[in-house]
Amino acid sequence: MPTANIGGYTMPKPIPQTLLIVDDHHMLRESMVDFLTALYPAVTLLEADSMAAAQHISSTAQPDVVLLDLHLQDVTGFSAISGMRKASPGSYIVVLSGVVDQSLFPQMQELGANAFVSKSGRRDDIADVLNPVLTGQTAQPRPRILAQSSVPAKLQLNTQQLMVLEQLLGGKSNKEIADTAGLSPGTVRNYVSDIFLAFNVHTRSQLMALFH
């Protein structure tokens, strides 16, 4: 298969496929489109700035690959993964997040994610994950561990608790979490207590220290 060298990154020539970028930041999407267009000129790139838009596009396009940000206008947290998986069951879903730690990838897998890339990493990290999929190779990419963490690799948290966890890591107060998620303050308090118990911490600062 012919190869191309883009910015020092060598890869096989891609085959025609469709990739959907789901991110509500226009400048980030624009940067991602420029980067991926240079790497994969034969791939059709689609864009969505919300889960509703992504689900609408997926209903007709059924993208081969989805780059999914976890913070969108109409959905926040791990529920974005299950929502995207339901809308596009055949897609290879790559989660992008600047808050969630790699150690929670097993939970993301249970909800339908295939790979995870931290926004704090290099753009080539995305290429490392996408290249085996978009070039038609049979081997699927393994999620790349970008940093070691002391956080347990497997935690028994449900979807709502995972959503609250991500909000906590984003610095949100209980009231802000309740307002965003449509939960009662008491429910949020219970979820926060469950999360503290799961990670064996007693304060928000201790929880944040595990991830940062």
Side-chain angles (χ1 to χ4, degrees), residues 7 9 11 14 17-40 43-55 57-58 61 63-134 140-147 149 151 159 162-163 165-172 180 211-212:
Y9 194 93
M11 63 186 61
Q17 293 198 54
T18 302
L19 185 152
L20 172 62
I21 302 171
V22 187
D23 195 308
D24 60 4
H25 292 86
H26 176 74
M27 292 182 65
L28 291 178
R29 287 202 320 275
E30 188 176 71
S31 174
M32 191 70 66
V33 167
D34 291 343
F35 174 65
L36 295 176
T37 297
L39 288 178
Y40 307 106
V43 173
T44 299
L45 297 178
L46 305 173
E47 300 178 54
D49 62 1
S50 66
M51 179 55 62
Q55 291 175 332
I57 292 172
S58 297
D64 298 289
V65 180
V66 176
L67 291 182
L68 177 65
D69 183 23
L70 292 184
H71 290 277
L72 301 171
Q73 298 173 1
D74 51 352
V75 63
T76 299
F78 285 70
S79 56
I81 302 173
S82 54
M84 194 68 246
R85 175 55 68 201
K86 182 178 180 180
S88 193
S91 297
Y92 190 90
I93 298 177
V94 180
V95 171
L96 302 174
S97 177
V99 177
V100 174
D101 190 271
Q102 169 73 34
S103 62
L104 289 178
F105 182 69
Q107 294 283 4
M108 300 182 213
Q109 281 184 304
E110 290 185 0
L111 295 171
N114 297 103
F116 170 84
V117 177
S118 172
K119 283 187 173 182
S120 62
R122 302 172 302 116
R123 291 197 301 180
D124 282 353
D125 294 330
I126 297 176
D128 290 342
V129 170
L130 293 181
N131 191 41
V133 181
L134 293 178
Q140 295 296 324
R142 297 178 62 186
R144 184 173 180 177
I145 299 177
L146 303 179
S149 172
V151 181
T159 302
L162 286 169
M163 180 273 295
L165 170 61
E166 188 175 18
Q167 297 280 342
L168 285 173
L169 295 176
K172 301 293 186 181
T180 300
F211 287 87
H212 303 293

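Treat the numbers as computed from the prediction; the structure is a model and nothing was measured.
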*Asks:* For the pair D23 and D49, evaluate side-chain contact (heavy atoms from CB on, under 4.5 Å) and give the outcome as yes or no after the intermediate values.
*Replies:* CA-CA 5 Å; D23 195 308; D49 62 1; over 6 Å; no
*Asks:* Rounded to the nearest 0.5 Å, what's the gap from CE on M51 to CG on D69? Could you check?
*Replies:*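 Taking CE in M51 and CG in D69, the distance rounds to 10.0 Å.
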*Asks:* To the nearest 0.5 Å, what is the distance between OG (S82) and CE (M163)?
*Replies:*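 Taking OG in S82 and CE in M163, the distance rounds to 11.0 Å.
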*Asks:* Below 4.5 Å, heavy atoms only, C-beta onward: do I57 and L20 meet side chain to side chain?
*Replies:*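 Heavy-atom side-chain distance check passes, below 4.5 Å.
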*Asks:* Hey, what do you get for CG (D64) to CG (L134), rounding to the nearest 0.5 Å?
*Replies:*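 Between atom CG of D64 and atom CG of L134 there are 8.0 Å.
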*Asks:* Taking all non-hydrogen atoms of both residues into account, name the closest pair between F35 and A127 and its distance.
*Replies:*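 Looks like CZ-CB, 4.4 Å.
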*Asks:* Just jot down the side-chain contact (heavy atoms from CB on, under 4.5 Å) partners of S50, sequence neighbours excluded, or say none.
*Replies:*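 For S50, the residues satisfying side-chain contact (heavy atoms from CB on, under 4.5 Å) (neighbours in sequence not counted) are A52, A53, Q73, D74.
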*Asks:* Can you name the one residue among V117, L67, V65 that meets side-chain contact (heavy atoms from CB on, under 4.5 Å) with V129?
*Replies:*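 It is V117; the other options fail the test.
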*Asks:* Taking all atoms of both residues into account, what is the closest heavy-atom pair of S97 and F116, and its distance?
*Replies:*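 Minimum heavy-atom contact is CB-CE1, 3.9 Å.
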*Asks:* Examine distances only and state if a side-chain atom of Y40 and a backbone atom of N131 form a donor-acceptor pair shorter than 3.5 Å.
*Replies:*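 It does hold such a pair.
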*Asks:* Please evaluate residues V22 and V66 with respect to the criterion side-chain contact (heavy atoms from CB on, under 4.5 Å), reporting the C-alpha separation (whole Å), side-chain torsions for both, the decisive distance (0.1 Å), and the verdict.
*Replies:* CA-CA 7 Å; V22 187; V66 176; 3.9 Å; yes
*Asks:* Between K172 and T180, is there a side-chain heavy-atom distance shorter than 4.5 Å?
*Replies:*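 Of all side-chain heavy-atom pairs linking K172 with T180, none is under 4.5 Å.
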*Asks:* Check whether any side-chain heavy atom of L36 lies under 4.5 Å from a side-chain heavy atom of V43, and answer yes or no.
*Replies:*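 Not in contact.
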*Asks:* From F78 CZ over to M108 CE, what is the distance, rounded to the nearest 0.5 angstrom?
*Replies:*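 Nearest 0.5 Å value for the CZ-CE distance: 4.5 Å.
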*Asks:* Check whether any side-chain heavy atom of K86 sits under 4.5 Å from a side-chain heavy atom of Q55, and report yes or no.
*Replies:*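 Sidechains of Q55 and K86: no contact.
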*Asks:* Suppose we screen for salt bridge (Lys or Arg N to Asp or Glu O under 4.0 Å). Which residues come up paired with R29, at least two apart in sequence or across chains?
*Replies:*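 Counting only residues at least two positions away or on another chain, R29 forms a salt bridge (Lys or Arg N to Asp or Glu O under 4.0 Å) with E47.
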*Asks:* Would you say that L39 contacts I126 through its side chain, given a criterion of any heavy-atom pair below 4.5 Å between the two side chains?
*Replies:*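 No, their side chains stay 4.5 Å or more apart.
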*Asks:* Rounded to the nearest 0.5 Å, what separates atom CE in M32 from atom OG1 in T37?
*Replies:*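 Reported to 0.5 Å precision, the distance equals 11.5 Å.
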*Asks:* Look at the side chain of S88 and the backbone N and O of M84, then say whether any donor-acceptor pair between them is shorter than 3.5 Å.
*Replies:*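 Here the side-chain-to-backbone pair does not exist.
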*Asks:* Quick one: are L96 and L68 in side-chain contact, heavy atoms under 4.5 Å?
*Replies:*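 No. Closest side-chain heavy atoms not under 4.5 Å.
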*Asks:* Within this structure, what is the OH-CG distance for the pair Y92 and L19, rounded to the nearest 0.5 Å?
*Replies:*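 Output value for this atom pair is 12.0 Å.
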*Asks:* Would you check if V95 and I81 make a side-chain contact, meaning some heavy-atom pair closer than 4.5 Å?
*Replies:*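 Yes, side chains in contact.
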*Asks:* Does R85 use its side chain to pair, donor to acceptor, with the backbone of A80 at less than 3.5 Å?
*Replies:*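 Checked: no pair found.
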*Asks:* Please check if the side chain of N114 supplies one atom and the backbone of I93 the other of a donor-acceptor pair under 3.5 Å.
*Replies:*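 Here the side-chain-to-backbone pair exists.
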*Asks:* Is S58 close to P63 at the side-chain level, that is, under 4.5 Å between some pair of heavy atoms?
*Replies:*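 Yes - at least one pair of side-chain heavy atoms lies under 4.5 Å apart.
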*Asks:* Hey, does the side chain of S31 reach the backbone of M27 with a donor-acceptor pair shorter than 3.5 angstrom?
*Replies:*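 No, because the side chain of S31 does not come within donor-acceptor range (under 3.5 Å) of the backbone of M27.
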*Asks:* Considering residues at least two apart in sequence or located in another chain, which fulfil the side-chain contact (heavy atoms from CB on, under 4.5 Å) criterion with D34?
*Replies:*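 side-chain contact (heavy atoms from CB on, under 4.5 Å) list for D34, sorted by chain: E30.
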